[in-house]
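These numbers come from the heavy atoms of this one structure, side chains and all, not from hydrogens, waters or symmetry mates. The sequence lines fix the lettering, A, B, ..., with proteins before strands; numbering per chain opens at 1.
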2 protein chains.
Amino acid sequence: MDQVLSSVRNSCRLLKIFLDSPKEIGVTELSKMLEMSKGAVHKLLSTLESEGFIRQNEKTKQYTLGYTLLELGTKVLKNHDIVDFSMPYLNRLVSRTNELVVLCVKDARDAIYVAKVDSPHPIRFTVESFRRFPLYSTTAARVLLAYQPAEFQEDILEEATLKMYTPHSYTSIESIKDDLLVIKARGYEISSNRRNNGVTGIAAPIFDTSGQVTASISVIGPSDRVLPQQEDILHETLATVQEMSAHLGYRS
Amino acid sequence: MDQVLSSVRNSCRLLKIFLDSPKEIGVTELSKMLEMSKGAVHKLLSTLESEGFIRQNEKTKQYTLGYTLLELGTKVLKNHDIVDFSMPYLNRLVSRTNELVVLCVKDARDAIYVAKVDSPHPIRFTVESFRRFPLYSTTAARVLLAYQPAEFQEDILEEATLKMYTPHSYTSIESIKDDLLVIKARGYEISSNRRNNGVTGIAAPIFDTSGQVTASISVIGPSDRVLPQQEDILHETLATVQEMSAHLGYRS
DNA sequence: CTAAGTTGTTCACGAATAGAGAACGATGTT
DNA sequence: AACATCGTTCTCTATTCGTGAACAACTTAG
């Protein structure tokens, strides 16, 4: 783990700073955030700029993310064939439930919505795609976590403890652990008012040939619309993931 | 210009290799393309992987682009406010012309379509967004090039010469240079069958407060549909860019 | 309108490490 | 069973990365 190219790691960390910051940042501010000298940061920036990963505003002299990252990000989506594969199913599930449907995958220690289809309702709950969030924080993510090895689960939940973060209406980390067992036992998850108040999510896992969980889908909407038709939505969701899993070659 | 962090530059080059390759690549192949030792490439890869910029397929052991690049790419789009600003105008122009409309910007030595609205026609011409292409190769890009300093134009066209690349129906690099003068003189460009046979593009520049060309828009479609209504489309396009420029604070 | 505080940028040097190249173990192919 | 090829690990030194201070170009304060 100490086998790491420090300047490469620094440049990665530098780029990620922009994810949670206003679009333009100056050298001085970056050097503080990275705890590096201004000179070194400047060298990083001009290297990244010459490769198109960073752009400098000619007027303000501050820096922004460059277009090459847009090219690469687009390529990531293209590579990810589960997205293309899933879109028809997501669309159908939206037309049957009239609520937001998302496709969620695990990446390292995080979850990401890699596809979504919005609810046709004028009043609707929306989420941000392509942005990481913790594996214990949303319905779809917890489904993914439930099928991970126990040690990995422990690790993730310990991180949650360290961050002193317990999702809404969970009284303790232990109760999440119980929840994961329930999810795996019955093969789906329904949760209300956890991360967002007044919002209910119904999620289930998608299996591939090797029996691994590759993704999960979730129907999410205002509790007062979702809860009354909870049974129907659950039925449609389970039918969808079973069909998807079957098409991926999974035999239960 | 020699003030460059070599390992950072190498990691950038490594990532860009994936743009023009199948989704998964092995260490050996990458080391050949980068002309580096396998050991060094492996170190690059594991550093990038620990930062989420690269992922390794557990079965094939080969490498792919990671999700962090998707996050960063999404952020680039969000930062770029001209895209949000332009969408209503692009949509309106499509509804008036019934052809593909694109928004094109210059980045370093390239052009990129950063937004597009497809034609409603069942038979339609489409383009790929977020992918770099030369500034001399499409109608919208040449409009951007026309407003650049003469020395920059020379530089770009010289590159075209070196690549032995002359866009279709240009007999020489000199004729492109003439074309650029015409574009700047009359403020728009109409070209047929240049990059794609049977395709016609009509493009015009958008100016900001400081009088700089920040982007260009182009209406593109099959020549047999576009040429007959050429006058109308040109009129609509010019009206749109004038309105957009005015809203950006440009005074002619 | 000067002086003090910013900013981004440059430079020189010593400590740290990046990259080459060979050897490794694991696959899969002949 | 021998061979080829893959990704990975290792060692070592020439290279270079990162620091800290000085720089010029602005903006702000008095």
Side-chain angles (χ1 to χ4, degrees), chain A residues 1-18 21-66 79 107-108 209-210 212, chain B residues 1-18 21-66 79 107-108 209-210 212:
Chain A
M1 201 56 202
D2 228 86
Q3 194 71 301
V4 146
L5 304 177
S6 62
S7 63
V8 173
R9 191 192 47 209
N10 287 334
S11 65
C12 290
R13 287 174 51 215
L14 186 152
L15 291 172
K16 286 197 232 171
I17 286 177
F18 285 89
S21 307
K23 56 182 235 177
E24 289 190 355
I25 317 183
V27 177
T28 312
E29 198 179 340
L30 285 169
S31 73
K32 281 173 194 159
M33 301 182 86
L34 289 168
E35 291 175 325
M36 289 170 67
S37 68
K38 278 203 295 178
V41 172
H42 184 262
K43 238 189 264 187
L44 276 176
L45 284 166
S46 45
T47 306
L48 289 169
E49 187 184 14
S50 73
E51 297 293 332
F53 283 61
I54 281 284
R55 257 181 331 138
Q56 185 175 33
N57 184 323
E58 293 181 2
K59 292 161 198 160
T60 66
K61 293 283 177 185
Q62 299 207 84
Y63 292 89
T64 329
L65 297 175
N79 284 352
D107 183 49
T209 321
S210 60
Q212 292 280 318
Chain B
M1 201 56 204
D2 227 86
Q3 193 71 299
V4 147
L5 304 179
S6 62
S7 63
V8 173
R9 191 190 50 211
N10 287 335
S11 64
C12 290
R13 286 174 52 216
L14 186 152
L15 291 172
K16 285 196 236 174
I17 286 178
F18 286 89
S21 307
K23 55 181 235 178
E24 288 191 356
I25 317 182
V27 177
T28 311
E29 197 180 342
L30 285 169
S31 72
K32 280 174 194 156
M33 301 184 84
L34 289 167
E35 291 176 325
M36 290 171 65
S37 68
K38 278 204 293 179
V41 172
H42 184 261
K43 234 188 265 187
L44 277 176
L45 284 166
S46 45
T47 306
L48 289 169
E49 187 184 14
S50 73
E51 297 293 332
F53 283 60
I54 281 284
R55 257 179 334 137
Q56 185 175 33
N57 184 323
E58 292 181 3
K59 292 161 200 160
T60 65
K61 293 284 178 185
Q62 299 208 85
Y63 294 89
T64 330
L65 297 175
N79 286 351
D107 183 50
T209 320
S210 60
Q212 292 281 319

Between the protein and nucleotides 15-18 of chain C, list the N/O to N/O atom pairs that are separated by less than 3.5 angstrom.
{"from": "dA18(C)", "atom 1": "OP1", "to": "S6(A)", "atom 2": "N", "distance (Å)": "3.2"}
{"from": "dA18(C)", "atom 1": "OP1", "to": "S6(A)", "atom 2": "OG", "distance (Å)": "3.0"}
{"from": "dA18(C)", "atom 1": "OP2", "to": "V4(A)", "atom 2": "O", "distance (Å)": "3.2"}

Angle separating the five-pair end axes of the helix from dG8(C)-dC23(D) to dT30(C)-dA1(D), nearest 10°, is 50°
Set of residues satisfying side chain to side chain donor-acceptor pair (under 3.5 Å) with respect to [X], sequence neighbours excluded:
X: K23(A); answer: D81(B)
X: Q56(B); answer: Y63(B)
X: E29(A); answer: none
X: Q62(A); answer: none

Rounded to whole angstrom units, what separation is found between the [atom1] atom of [X] and the [atom2] atom of [N]?
X: I54(B); N: dG7(D); atom1: CD1; atom2: P; result: 13 Å
X: L30(B); N: dA20(C); atom1: CG; atom2: P; result: 14 Å
X: L44(A); N: dT16(D); atom1: CG; atom2: C1'; result: 13 Å
X: R9(A); N: dC17(D); atom1: CZ; atom2: P; result: 14 Å
X: K38(A); N: dG20(D); atom1: NZ; atom2: P; result: 13 Å
X: L45(A); N: dC17(D); atom1: CG; atom2: C1'; result: 15 Å

Between T28(B) and V41(A), just flag the one whose closest nucleotide in DNA chain D comes earlier from the 5' side.
T28(B)
Mind checking what makes salt bridge (Lys or Arg N to Asp or Glu O under 4.0 Å) contact with E51(B), not counting sequence neighbours?
K16(A)
Could you work out, with salt bridge (Lys or Arg N to Asp or Glu O under 4.0 Å) as the rule, every residue matching K38(B), not counting sequence neighbours?
none
Are N79(A) and F18(B) close enough, and set up right, to give a side-chain contact (heavy atoms from CB on, under 4.5 Å), and what steps lead you there?
CA-CA 10 Å; N79(A) 284 352; F18(B) 286 89; 5.5 Å; no
With a 4.5 Å cut-off on side-chain heavy atoms, are [Y] and [X] touching?
X: L34(B); Y: I17(B); value: yes
X: L30(A); Y: L44(A); value: no
X: L14(B); Y: I54(B); value: yes

Taking OP1 and OP2 of [N], is either one under 4.0 Å from a side-chain nitrogen or oxygen of [X]?
X: H42(B); N: dG7(D); value: no
X: Q56(B); N: dC6(D); value: no
X: S46(A); N: dT9(C); value: no

What does the list of N/O pairs under 3.5 Å between the protein and nucleotides 26-30 of chain C look like, with a distance for each?
none

Where the side chain of T47(A) meets the backbone of L5(B), is there a donor-acceptor pair that is under 3.5 Å apart?
yes
Determine, step by step, whether S7(B) and K43(B) satisfy the side-chain contact (heavy atoms from CB on, under 4.5 Å) criterion, reporting the C-alpha distance in whole Å, the side-chain angles of both residues, the deciding distance to 0.1 Å, and the verdict.
CA-CA 10 Å; S7(B) 63; K43(B) 234 188 265 187; over 6 Å; no
If you take all heavy atoms of L48(A) and S11(A), which pair is closest and at what distance?
CD1-CB, 4.0 Å
Strand contacts (DNA chain D) in residues 57-65 of chain B, 4.0 angstrom heavy-atom criterion:
K61(B), Y63(B)
I'd like to check the side-chain contact (heavy atoms from CB on, under 4.5 Å) partners of D107(A); sequence neighbours left out, ordered by chain and number.
I112(A), R132(A), R55(B), Y67(B)
Applying a 4.0 Å non-hydrogen cut-off, can you work out what G26(B) is touching in the nucleic acid: base, sugar-phosphate, or nothing?
sugar-phosphate
